[in-house]
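Indexing begins at 1, ligand by ligand and atom by atom, following the structure's order.
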Amino acid sequence: MAAEANSNSDNLTLDKVREALIRQEDTIVFRLIQRANFPVNSPTYDEKFASFSGSLLQFVVKETEALQSKVGRYENPEEQPFFPENLPPSLVPPQANPPVLHPAAASININEKIWDFYFNQLLPLFAVPGDDGNYASTASSDLDCLQAISRRIHYGYYVAEVKFKDAPQDYEPAIRAQDREGLMKLLTFEAVEEVVKKRVGKKAAVFGQDVRLVDNGNGKYKVDPSVVSRLYGEWIMPLTKLVQVEYLLRRLD
Ligand SMILES: O=C(O)C(=O)C[C@]1(C(=O)O)C=C[C@@H](O)C=C1
């Protein structure tokens, strides 16, 4: 169950879900700043590292996800693993909260797309070229970024659920017609997207400034605010909308 929204579907409102998305912006911006402390460190991603069967990054992600699965991380619908195959079961008793989401949410995991844009497009925009040898820290920092971004995007389940509950008469015809485009139009609020892009850029400027006692810093940011706005505009919001559409398409099953 979503810790940040509410444990009861009747208490779930669009305002509350949007507040949860706003809080997650802070986490994402801070984690990008953390990752930007290291250069690209490309050996982290070499197809084969030392005696591992894949890269050091894959090893860190798979082993971390296995541990987190045992302690119940993936019992939360918005927490989706990057390597869902063969994850060990949770050893933690399930929570007694009534489910808020349609069970279809469990089958929607778009982490492959997130992995792809993060490593192939985003990372080169905010990590400087170079190699300082800190591969383990780099990999865990990447995983921190990936998990925060993935959680935010899969939070689309709750956004979609609340929109559906607020206006079933608008959504049901498009769902019955399996009309992706129609659903996309219904759930899109361009004015909200513009505000989100501006706000996350501002957060990157505020959180990522160089703080000095004597003067007001050097005007440089740890992560370029325009890259954070772009992250939201090109990837995070479009993929959150994709999760919403996928969820709604199955909402009446
Ligand atoms: O706030 C909403 O209504 C959402 O659906 C979330 C979100 C976003 O990802 O931030 C996505 C689509 C909307 O066009 C606006 C914002």
Exercise. Partners of Arg35 by salt bridge (charged side-chain N to carboxylate O under 4.0 Å, His left out), sequence neighbours excluded?
Worked result: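 In terms of salt bridge (charged side-chain N to carboxylate O under 4.0 Å, His left out), with neighbours along the sequence ignored, Arg35 is linked to Asp142.
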Seminar exercise, completed: Those residues at least two apart in sequence (or on a different chain) that pass salt bridge (charged side-chain N to carboxylate O under 4.0 Å, His left out) with Arg18 are none
[X] heavy atoms, cut-off 4.0 Å: which ligand 1 atoms fall inside?
X	value
Thr240	9 (O)
Arg18	1 (O), 2 (C), 3 (O)
Met237	8 (C), 9 (O), 10 (O)
Gln244	4 (C), 5 (O), 11 (C)

Exercise. How close does the nearest protein non-hydrogen atom get to atom 16 (C) of ligand 1, and which residue and atom is it?
Worked result: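 Minimum-distance protein heavy atom for atom 16 (C) of ligand 1 reads Val192 CG1, 3.9 Å.
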For this session: Could you find the nearest protein heavy atom to atom 4 (C) of ligand 1 and give me its residue, atom name and distance?
Result: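 Here the closest protein heavy atom is Lys163 NZ, 3.4 Å.
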Any nitrogen or oxygen of [X] lying under 3.5 Å from a nitrogen or oxygen in ligand 1? Just yes or no.
X	value
Glu190	no
Phe189	yes
Thr188	no

Problem set entry | Heavy-atom nearest option to atom 9 (O) of ligand 1, drawn from Arg152, Lys241, Glu193 |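 Going through Arg152, Lys241, Glu193 one by one, Arg152 has the nearest heavy atom to atom 9 (O) of ligand 1.
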Exercise. Is it the case that Gln147 and Gln68 place a side-chain donor and acceptor less than 3.5 Å from each other?
Worked result: yes
Problem set entry | Tyr45 versus Asn41, side-chain donor and acceptor atoms under 3.5 Å | no
Problem set entry | Salt bridge flag under 4.0 Å for residues Glu172 and Arg176 | yes
Problem set entry | Glu194 and Arg199 ion-paired at < 4.0 Å |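 Judged by the 4.0 Å cut-off on N to carboxylate O distance, Glu194 and Arg199 do not form a salt bridge.
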Exercise. Does a sphere of radius 6.0 Å around OH in Tyr221 hold more than 12 heavy atoms from other residues, nucleotides or ligands, not counting ones at 6.0 Å or beyond?
Worked result: no
Seminar exercise, completed: Note: Val17, heavy atoms under 4.0 Å from ligand 1, region reported as neither
For this session: For Gln80 and His154, indicate whether the former's side chain and the latter's backbone hold a donor-acceptor pair under 3.5 Å.
Result: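 It does not hold such a pair.
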Problem set entry | Protein non-hydrogen atom below 4.0 angstrom of atom 7 (C) of ligand 1 present | no
